[in-house]
Amino acid sequence: MISFLRGTVAHVGLSTAVIDLNGAGMSVYATPQTLSRLHVGEEGKVFTSLIVREESMTLFGFADDDEREVFEVLLSVSGVGPRLALAVLAVHEPEAIRVAAHTGDNKTFTKVPGIGPKVAGRIVLELAGKLVPHGTAPAAATTAAEASWKPQVVAAMTSLGWSEKDASSSIDKALADEPEVSFRGNVPEILRTTLRWLGQDGARAGNRVGSRG
């Protein structure tokens, strides 16, 4: 793995830079903020992440290790590729991304070109527990919180007639649109959100229970 590049900056473009490493020019994609720190003819250093595809090997460069870490965690989200992850970092500082992921702030991600509300919802849902602001509780705390409320919501839905599998799937899909609800961990609120997503309301759910008696 190539962890960083240090050498003479040979070229700086709109989205890439070339760093001369003893006569070998290494091209890296980077955010405008990172590129602005590089100056042709001077020594430059970028932390890097190598993305290997069947047809290519591409280096992405970052100003520091924190930027690289956030970039690589963003890549764990389904549907988010390296170019989109880099676009997120072009719009927001790493700490702002951590805060948005931790608090379920969809709007922060919709400010990035190419990211709509549904994709933003999926990002904050899948990043839950993976990115937290510096100085906050460990990510495991978020996972533990979900472990405490989800079985209760699933149990409530099975009592209303859904199977455990359908209940769990519906909860995940409902909270993808409203991930901030999952962070609050309020069981009645999560149940209402899921039922609303299913097109149900309390009265219809009650009728469903009655039909089983």
Side-chain angles (χ1 to χ4, degrees), residues 1-136 138-140 142:
M1 177 180 177
I2 303 174
S3 296
F4 68 87
L5 299 177
R6 177 167 17 199
T8 302
V9 178
H11 170 76
V12 178
L14 294 176
S15 59
T16 62
V18 177
I19 297 181
D20 184 342
L21 304 177
N22 298 318
M26 301 290 286
S27 178
V28 293
Y29 286 87
T31 66
Q33 298 94 311
T34 298
L35 292 170
S36 69
R37 301 184 184 189
L38 302 175
H39 305 284
V40 174
E42 298 181 5
E43 182 178 86
K45 177 182 178 180
V46 290
F47 292 82
T48 57
S49 180
L50 177 63
I51 304 299
V52 179
R53 296 286 187 263
E54 187 174 340
E55 71 287 352
S56 66
M57 296 173 64
T58 307
L59 275 174
F60 291 84
F62 309 94
D64 53 45
D65 209 23
D66 191 35
E67 273 194 0
R68 179 173 61 186
E69 180 185 357
V70 171
F71 172 82
E72 292 179 345
V73 174
L74 283 167
L75 292 181
S76 70
V77 177
S78 57
V80 175
R83 300 300 175 89
L84 189 56
L86 199 66
V88 174
L89 281 164
V91 176
H92 300 296
E93 293 292 327
E95 188 65 7
I97 298 169
R98 291 178 179 277
V99 171
H102 187 64
T103 60
D105 180 9
N106 298 31
K107 292 182 180 179
T108 291
F109 294 100
T110 59
K111 293 177 182 178
V112 178
I115 296 181
K118 287 191 175 181
V119 174
R122 185 168 68 247
I123 289 174
V124 296
L125 182 64
E126 294 190 25
L127 289 185
K130 295 181 180 179
L131 283 179
V132 295
H134 291 300
T136 60
T142 302

Could you pull out the closest heavy-atom pair between [X] and [Y], with the gap in Å?
X	Y	answer
Arg68	Ser3	NH1-O, 2.5 Å
Thr110	Ala120	CG2-CB, 3.6 Å
Leu84	Pro113	CD1-O, 4.0 Å
Ser49	Glu72	OG-OE2, 3.0 Å
Phe60	Pro82	CZ-CB, 3.5 Å

Distance (rounded to the nearest 0.5 Å) between [X] [atom1] and [Y] [atom2]:
X	Y	atom1	atom2	result
Leu35	His11	CG	NE2	9.0 Å
Glu93	Asp66	CD	CG	9.5 Å
Phe4	Lys45	CZ	NZ	5.0 Å
Thr8	Leu38	OG1	CG	11.5 Å
Ile2	Leu21	CD1	CG	9.0 Å
Ile97	Phe109	CD1	CZ	6.0 Å

Using modelled atom types and a 3.5 Å cut-off, is there a donor and acceptor pairing between side-chain atoms of [X] and backbone atoms of [Y]?
X	Y	value
Arg53	Thr58	no
Arg122	Ser78	yes
Arg98	Leu131	no
Gln33	Ala90	yes

Heavy-atom count around Tyr29 OH within 6.0 Å, excluding the residue itself: above 12? no

Would one find more than 12 heavy atoms of other residues, nucleotides or ligands at under 6.0 Å from atom CD of Glu55? yes

Find out whether [X] and [Y] are in side-chain contact, i.e. whether some heavy atom of one side chain is under 4.5 Å from a heavy atom of the other.
X	Y	answer
Val99	His102	no
Phe62	Leu86	yes
Asn106	Pro117	no
Ile51	Phe71	yes
Leu89	Pro94	yes
Leu59	Val46	no
Met57	Leu50	yes
Leu74	Leu127	yes

Trace of the side chain to side chain contact (heavy atoms under 4.5 Å, CB included) decision for Ile115 with Val88: CA-CA 9 Å; Ile115 296 181; Val88 174; 3.8 Å; yes

